[in-house]
Amino acid sequence: MNNYKKILAAIDFSDYDGIVVKQAKHLANQLNAELGVIHVLDNIPMPDTPYGVIVALRDESGDPLLEDEKNRFNQVCDSVGIAPANRWLIWGKPQEEIIQLALKERIDLIVVGSHGHHGLAALMGSTAKGVIFNAECDVLTVHLKDNQ
Ligand code: AMP
């Protein structure tokens, strides 16, 4: 498993982000790979562009909601020592943006969390499932349990 040189962890600002980034970091350390983190802001009206809009982290827009998201994102990235150049806070649809960024940045492995949805949720699909079925690189799912 030594061909993974660039790993991308996707976080959704849930209580499980720490587990996902720590597992990704652990793997990156073992493989001597570069680790990046992406969060997709999916509740903001989207301009119609193929890659969405990348929020510059030095952006001084002053929007308190956006500032909160940036702070939260940076806290998670800081907790595992992600280099500023490997932090991506992007507006768009999570599945699409994760897959597009992985292609653009030549990511070898995407790490996502999975709750192992059943029943209706499985029929409706999920970000994890969408990434697994549509990404062109390998995808590792970190199994998330409610009591973690
Ligand atoms: P879900 O399929 O929505 O339950 O989410 C499962 C996993 O997909 C999360 O643990 C994250 O790894 C990833 N994910 C979901 N939403 C986002 C998002 N907005 N930005 C980045 N990753 C996400």
Side-chain angles (χ1 to χ4, degrees), residues 4 6-31 33-57 59 61 63-148:
Y4 297 132
K6 291 188 88 175
I7 299 175
L8 178 68
I11 59 168
D12 60 357
F13 286 174
S14 69
D15 292 342
Y16 304 97
D17 286 344
I19 297 164
V20 173
V21 290
K22 276 182 194 147
Q23 288 287 30
K25 176 71 177 176
H26 186 62
L27 192 59
N29 284 348
Q30 284 188 329
L31 299 174
E34 201 178 331
L35 178 63
V37 175
I38 179 173
H39 173 70
V40 183
L41 299 159
D42 59 350
N43 53 359
I44 298 172
M46 267 291 297
D48 188 19
T49 65
Y51 293 106
V53 173
I54 296 176
V55 179
L57 291 178
D59 181 300
S61 70
D63 179 333
L65 280 178
L66 196 53
E67 290 304 312
D68 282 353
E69 306 260 287
K70 284 186 205 172
N71 288 338
R72 196 166 173 180
F73 180 67
N74 279 325
Q75 273 174 12
V76 177
C77 291
D78 287 345
S79 74
V80 287
I82 302 298
N86 289 340
R87 301 178 182 197
W88 290 284
L89 188 57
I90 295 175
W91 288 347
K93 295 178 184 160
Q95 175 189 319
E96 288 174 14
E97 299 304 330
I98 294 166
I99 290 171
Q100 289 300 331
L101 183 77
L103 273 174
K104 192 166 151 256
E105 295 293 327
R106 300 178 185 276
I107 298 293
D108 304 304
L109 180 72
I110 301 170
V111 180
V112 293
S114 171
H115 292 280
H117 292 305
H118 299 290
L120 188 59
L123 287 176
M124 288 163 66
S126 66
T127 304
K129 206 163 77 173
V131 172
I132 291 165
F133 288 131
N134 296 293
E136 293 194 10
C137 63
D138 290 355
V139 179
L140 173 73
T141 59
V142 177
H143 191 61
L144 306 173
K145 301 187 199 84
D146 285 339
N147 59 357
Q148 274 177 310

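Both ligands and their constituent atoms are indexed starting at 1 by order of listing.
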Going by side-chain contact (heavy atoms from CB on, under 4.5 Å), Glu105 matches just one of Glu34, Gln100, Lys6. Which one?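 So the option named by the test is Lys6.
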Atom 7 (C) of ligand 1: which of Gly130, Gly113, Ser114 has the nearest heavy atom?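 Minimum heavy-atom distance to atom 7 (C) of ligand 1 goes to Gly113.
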Kindly compute the distance separating CZ (Arg106) from CG (Leu8), expressed to the nearest 0.5 Å.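 Here the rounded value is 15.0 Å.
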Rounded to the nearest 0.5 Å, how far apart are CG of Asn134 and CD1 of Ile98? 11.5 Å
Mind checking what makes salt bridge (Lys or Arg N to Asp or Glu O under 4.0 Å) contact with Asp78, not counting sequence neighbours?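 With neighbours one apart ignored, the set is Arg87.
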Looking at ligand 1, does any of its N/O atoms fall within less than 3.5 Å of an N/O of [X]?
X      : answer
Val112 : no
Ala128 : yes
Ile11  : yes
Thr127 : yes

Proximity of Pro94 to ligand 1 by residue part, where a heavy atom lies under 4.0 Å: side chain
Parallel, tilted or perpendicular: rings of Tyr16 and His115 (30°, 60°): perpendicular
Test of understanding: with side chain to side chain contact (heavy atoms under 4.5 Å, CB included), list the residues that count as partners of Leu140, not counting sequence neighbours.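 Counting only residues at least two positions away or on another chain, Leu140 forms a side chain to side chain contact (heavy atoms under 4.5 Å, CB included) with Leu27, Leu109, Val111.
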Short list, please: which atoms of ligand 1 are under 4.0 Å from a heavy atom of [X]?
X      : value
Ile38  : 21 (C)
Ile98  : 21 (C), 22 (N)
Ser126 : 2 (O)

Dump the intermediate steps for salt bridge (charged side-chain N to carboxylate O under 4.0 Å, His left out) on Arg72 and Glu69, then the final yes or no. CA-CA 5 Å; Arg72 196 166 173 180; Glu69 306 260 287; 5.5 Å; no
